[in-house]
Every structure is written in structure tokens, then in C-alpha cells.
Amino acid sequence: MTAANDGCILVSVIHDDIDMLKVTVVRDGVPEGFVQMFTGELNAPELVLEVGDVVGDDFRFRYALSTDRPKVSIFADDPEEAAEVCVVIPSIDRKLVV
């Protein structure tokens, strides 16, 4: 499931072995065989984008952006029971310390 508004994207995945979800954030390139789950733009007026799990205790990444309207695409190895998700954000300037 994927839901979005102008400032947030939520991707919900379930995989059969209840293991950690692998999340990769890149500027370009998608692993072969991955399926697109979302593509669109976010509103990021502070030029910062955060990627993390909903609870906030598994992972959290922050990125400086080169634009306040970053394009974001999300891909998964299996959209129904994903074990890996790839987030593509071409306007990433650099990774920030969390």
C-alpha cells in the first residue's frame, strides 16, 4: 500500500518472514526486477527530506536537497510482500547526520 500527500509518502509492506525491511535511498538507478509503487513530487520547503520507519526505531535517514519540490520514486522487490524497497530521489545533495 502506498499513500501520499504533498509532504509525506507512506509505504506499507508485509513480508512473509517478519524480518527487517531493507531500504536503499539513491539518486538514480533501480535494481533489476523491482516494481514501481509510487512516483511524484513532495513539498520540502526546508530543503530536507527524511526517510524512516513509522515507529522511528529501526532506521532514519535525512538528506539535504537541491530543490524544494523533489521528485520521489519508490520501488519494491515484491509489491505484495516486499523484503527490499528502493527510494529514488534525484535531487539529493548530501546525506545529513541524524
Side-chain angles (χ1 to χ4, degrees):
M1 178 190 87
T2 305
N5 64 26
D6 70 339
C8 179
I9 302 167
L10 173 67
V11 177
S12 174
V13 297
I14 298 173
H15 47 96
D16 57 2
D17 60 0
I18 312 300
D19 200 4
M20 292 284 293
L21 176 69
K22 179 179 179 184
V23 177
T24 307
V25 180
V26 297
R27 285 188 186 106
D28 58 25
V30 177
E32 188 173 325
F34 275 47
V35 176
Q36 187 172 23
M37 296 178 66
F38 174 85
T39 190
E41 281 188 354
L42 286 178
N43 185 22
E46 295 179 6
L47 298 176
V48 173
L49 188 130
E50 187 169 317
V51 177
D53 69 308
V54 173
V55 177
D57 59 0
D58 287 334
F59 64 91
R60 182 173 157 217
F61 312 116
R62 290 174 51 92
Y63 297 92
L65 303 171
S66 60
T67 178
D68 65 348
R69 297 291 297 171
K71 293 184 188 320
V72 178
S73 297
I74 298 175
F75 299 84
D77 61 342
D78 179 345
E80 293 184 21
E81 293 184 348
E84 187 172 352
V85 172
C86 180
V87 181
V88 180
I89 308 166
S91 60
I92 289 176
D93 187 34
R94 68 187 182 288
K95 188 172 183 178
L96 301 171
V97 177
V98 178

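Counting begins at 1 with the first residue of the sequence. The figures that follow rest on heavy atoms only: side chains count, while hydrogens, waters and symmetry mates do not.
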Q: Could you state whether Val88 and Phe38 fall into the same hydrophobic cluster, counting links through intermediate Ile, Leu, Val, Met, Phe, Trp or Tyr residues with side-chain heavy atoms under 4.5 angstrom apart?
A: no

(Q) So, taking the atom named CZ in Arg94 and the one named CG in Leu65, what distance separates them when rounded to the nearest 0.5 Å? (A) 10.0 Å

Under 3.5 Å, sequence neighbours excluded: what are the donor-acceptor pairs made by side chains of residues 23-31?
| unit_1 | atom_1 | unit_2 | atom_2 | d |
| --- | --- | --- | --- | --- |
| Arg27 | NE | Ile92 | O | 2.8 |
| Arg27 | NH2 | Ile92 | O | 3.4 |
| Arg27 | NH2 | Asp93 | O | 3.0 |

Q. Between atom CE of Met37 and atom CZ of Phe75, what is the distance when rounded to the nearest 0.5 Å?
A. 11.0 Å

Q: Mind listing the closest non-hydrogen atom pair of Ala82 and Leu21 along with its distance?
A: O-CD1, 3.7 Å

**Q.** Side-chain cluster (under 4.5 Å, hydrophobic types only) that Val35 belongs to, other residues
**A.** none

Q | Atom pair CG/CG of Leu42 and Leu49 - distance to nearest 0.5 Å | A | 6.0 Å

(Q) How long is the straight-line distance from OG1 of Thr39 back to CD1 of Ile74, given to the nearest 0.5 Å? (A) 9.0 Å

Q) Glu84: what forms a salt bridge (Lys or Arg N to Asp or Glu O under 4.0 Å) with it, not counting sequence neighbours? A) Lys22

**Q.** Value rounded to 0.5 Å, distance of CG in Leu96 from CZ in Phe61
**A.** 13.0 Å

Q: Determine the minimum heavy-atom distance between Asp77 and Ala83, stating which atoms define it.
A: OD1-N, 3.1 Å

Q. Would Glu41 and Val72 satisfy side-chain contact (heavy atoms from CB on, under 4.5 Å), going step by step from the backbone distance to the final call?
A. CA-CA 6 Å; Glu41 281 188 354; Val72 178; over 6 Å; no

